[in-house]
Amino acid sequence: MYGIIDVNGMFASCEQAFRPDLVNRAVAVLSSNDGNIIARNRLCKLAGIKMGDPYFKVRPLIEKHNVAVFSSNFTLYGSMSARFASVVESLSANTECYSVDEVFFTADNIEKVMSLDEYGHQLRNAVKLHTTLVCGVGISYSKTLAKLCNYAAKTWPAYGGVVALTDRQRIKKLLSIVDVSEVWGVGRKIAKTLSLMGIHTALDLAQADTNFIRKNFNVVLERTVRELRGESCFALQEHPVTKQQIVVSRSFGQRVTSLDEMQQAVTGYAAQAAERLRGENQYCKAINVFVRTSPFSINDVQYGNQATEKLLTPTQDTRDIITAAQRALARIWKDGINYAKAGVMLADFNGREAQLNLFDESAPREGSDKLMGLLDRINRDGRKQLFFAGQGINPSFKVRRDWLSPEYTTNWKDIPRAKIG
DNA sequence: TCTGGGGTCCTAGGACCC
DNA sequence: TCTGGGGTCCTAGGACCC
């Protein structure tokens, strides 16, 4: 048996957790640069504001419904996510932290002690008690079915936030009333194609021929079909797997047009990516840089390009990564373009024991580990006191975050104060 | 004026090898 | 006129997830 527990409107709920005054307000959280809506609480959804809506387009709705708006504060959400996961971990034998607001768990021997439904409520109550966050729980024979139960728990409030299904007839009933596009692993494109094939509900998909599905789509969707039938194909991933790539990319607060500014941006992204690489204890051999204009600026000349620099010796030294990134940027830079976004991607990872290449002229830098270690220790508190000159100071392209909340849980000066008496 | 960021996996097609 | 078969590896692009 598999279960999934996820937080309702995670980011919006994190913002509300430390703002009791917002308890009956609609709350929305915006993406980087305050661009789009990326999280909403229940009242905000009721106001008709959709996921992904550009902020400037829904501003009238936001004003009309007095929606409290926040810039995204991932430091806060990350810390609340860790608290949420640790509560779930304390109550289950095996867990997989699937995303910032979701944890899968196994529920195999639960029924010897209590019903699955009771167990779901136990988890839910514990998370509420320790974090104030409200969750939905779904439990069934596979991850995909658990996801579907979780969807049911959130869609029909009468269930009280928990749906645990083991009865085949009840599972069939649920599958028959859920649109195929709600199934985990079925996105917009596949849903559309399925619909043309006469497959409209989750039950239609569960009853589709597996060979037909594999031929017309791929093995992943075939597994989804099997999972809907109660055959588990996606195992619990208890230990986080090593990353295969690290991406740091950002849309600019204002368009970048000069090479100088672009170099500063790319240097900053490269430095951030290198820091994350060291956090993963990895070394990389490929550094990719991409730049592009905004597809929404229809009057601009459109341009997008990317280039990869390959190293013979794997590195995790920020200086090597910045140098490579600048070489890649030089290859794709074009004057006279209004750039909207750029990014740095690291790939081709090696562990520490990576062999030195006999023909490589650029041997690893002496004292690199010590220097990078020191850099990371100084910057660990998040204040970014030490940075590379190439990143520039106070660049004009930095992201907009007009409605940023405090770091309630990770910064001493932001800890909430309570008045007594 | 203003449209996110960070991942994974699969597949098709090309280069190359024998 | 006639132009193999089988394999690997890599990459780009497209799908999906949150």
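Just so it is clear, the values below take in all heavy atoms, side chains as well, and ignore hydrogens, waters and symmetry mates. Order of the sequence lines sets the chain letters (A, B, ...), proteins ahead of strands, with each chain counted from 1. Nothing here was measured: the structure is a model prediction, and the numbers come from that model.
Base pairing analysis places C:dT11 opposite B:dA12; the two distances defining the Watson-Crick or G-U wobble pair are each below 3.5 Å.
Residue A:Ser251 places at least one side-chain N or O under 4.0 Å from the OP1 or OP2 atom of B:dG5. Phosphate contact (OP1/OP2 of B:dT3, side-chain N/O of A:Arg255, threshold under 4.0 Å): present. Taking 4.0 angstrom as the limit, A:Ser249 places a side-chain polar atom (N or O) nearer than this to OP1 or OP2 of B:dG6. The side chain of A:Arg276 places no N or O atom within less than 4.0 Å of a non-bridging phosphate oxygen (OP1 or OP2) of B:dG5. Contact annotation: A:Ser32 reaches the phosphate of B:dG5 (side-chain N/O to OP1 or OP2, under 4.0 Å). Here A:Gln237 does not reach the OP1 or OP2 of B:dT8: none of its side-chain N or O atoms lies under 4.0 Å away.
One interatomic measurement links the two molecules: NZ of A:Lys398 to P of B:dC2, which rounds to 19 Å at whole-angstrom precision. Residue A:Arg292 contributes atom CZ, which lies 15 Å from atom P of C:dG13 at whole-angstrom precision. The CD1 atom of A:Ile190 sits 12 Å away from the C1' atom of C:dC17 (whole-angstrom rounding). For A:Phe11 and B:dG4, the CZ to C1' distance is 11 Å, given to the nearest whole Å. Atom CG in A:Leu194 sits about 10 Å away from atom P in C:dC16, given to the nearest Å. One atom, CG of A:Asp402, and another, P of B:dG4, lie 16 Å apart when rounded to the nearest Å. Counting to the nearest Å, the P atom of C:dT11 and the CG atom of A:Asp348 are 8 Å from each other. With rounding to whole Å, A:Ile38 atom CD1 is found 9 Å from B:dG5 atom C1'.
Of the P atoms belonging to C:dC18 and B:dT3, the separation is 25 Å, rounded to the nearest Å.
When only modelled atom types and interatomic distance are considered, A:Thr315 and A:Asp317 share no side-chain donor-acceptor pair under 3.5 Å. If you check the side chains of A:Ser181 and A:Asp179, you find a donor sitting under 3.5 Å from an acceptor.
Between B:dC10, B:dG6, B:dT3, one nucleotide has an atom nearer to the side chain of A:Arg250 than all others, and that is B:dG6. Here the side chain of A:Phe56 is nearest to one of C:dA15, B:dT3, B:dG4, namely B:dT3. Of the candidate nucleotides B:dG6, C:dA12, B:dG4, C:dA12 has the atom lying nearest to any side-chain atom of A:Gln306.
Taking the ring axis of A:Phe104 as reference, the NZ or CZ atom of A:Lys143 stays within 45° of it and closer than 6.0 Å to the ring centre. Judged by the 6.0 Å and 45° rule, A:Lys334 forms a cation-pi pair with A:Tyr303.
As judged by a 4.0 angstrom heavy-atom cut-off over every strand, A:Ile246 is placed among residues touching the sugar-phosphate backbone only. Residue contacts shown for A:Lys147 are limited to sugar-phosphate atoms, with no base heavy atom under 4.0 Å away. Among the protein residues, A:Lys143 comes within range of no part of the nucleic acid, since none of its heavy atoms lies under 4.0 Å from any strand. If you check every strand for non-hydrogen atoms under 4.0 Å, A:Val100 touches nothing. Using a 4.0 Å heavy-atom criterion, one finds that A:Tyr55 contacts no nucleic acid atom at all. Contacts of A:Lys341 with the nucleic acid, taken as non-hydrogen atoms under 4.0 Å apart, involve only primed sugar atoms and P, OP1 or OP2. The residue A:Gln245 sits close to a base: some heavy atom pair falls under 4.0 Å. Among the atoms of the strands shown, only primed sugar atoms or phosphate atoms (P, OP1, OP2) are found under 4.0 Å from some heavy atom of A:Asp101. If you check every strand for non-hydrogen atoms under 4.0 Å, A:Asn218 touches sugar and phosphate atoms only. Using a 4.0 Å heavy-atom distance criterion, A:Arg223 is classed as a sugar-phosphate-only contact. Among the heavy atoms of the strands lying under 4.0 Å from A:Arg188 are primed sugar atoms or P, OP1, OP2 only; no base atom is included. Within 4.0 Å (heavy atoms only), A:Tyr98 reaches sugar-phosphate atoms of the nucleic acid but no base atom.
With DNA chain B read from its 5' end, the first of the two nearest nucleotides for A:Asn36 and A:Gln272 is the one closest to A:Asn36. Both A:Arg59 and A:Thr242 sit near DNA chain B, but only A:Arg59 has its closest nucleotide nearer the 5' end.
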Evaluate side-chain hydrogen bond (donor to acceptor under 3.5 Å, both in side chains) for A:Thr267 paired with A:Gln264, printing each intermediate quantity in order.
CA-CA 5 Å; A:Thr267 300; A:Gln264 290 181 20; over 6 Å; no
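Ring pair A:Tyr269/A:Phe252 is parallel by interplanar angle, where below 30° counts as parallel and above 60° as perpendicular.
The aromatic ring centroids of A:Phe74 and A:Phe11 lie less than 6.0 Å from each other.
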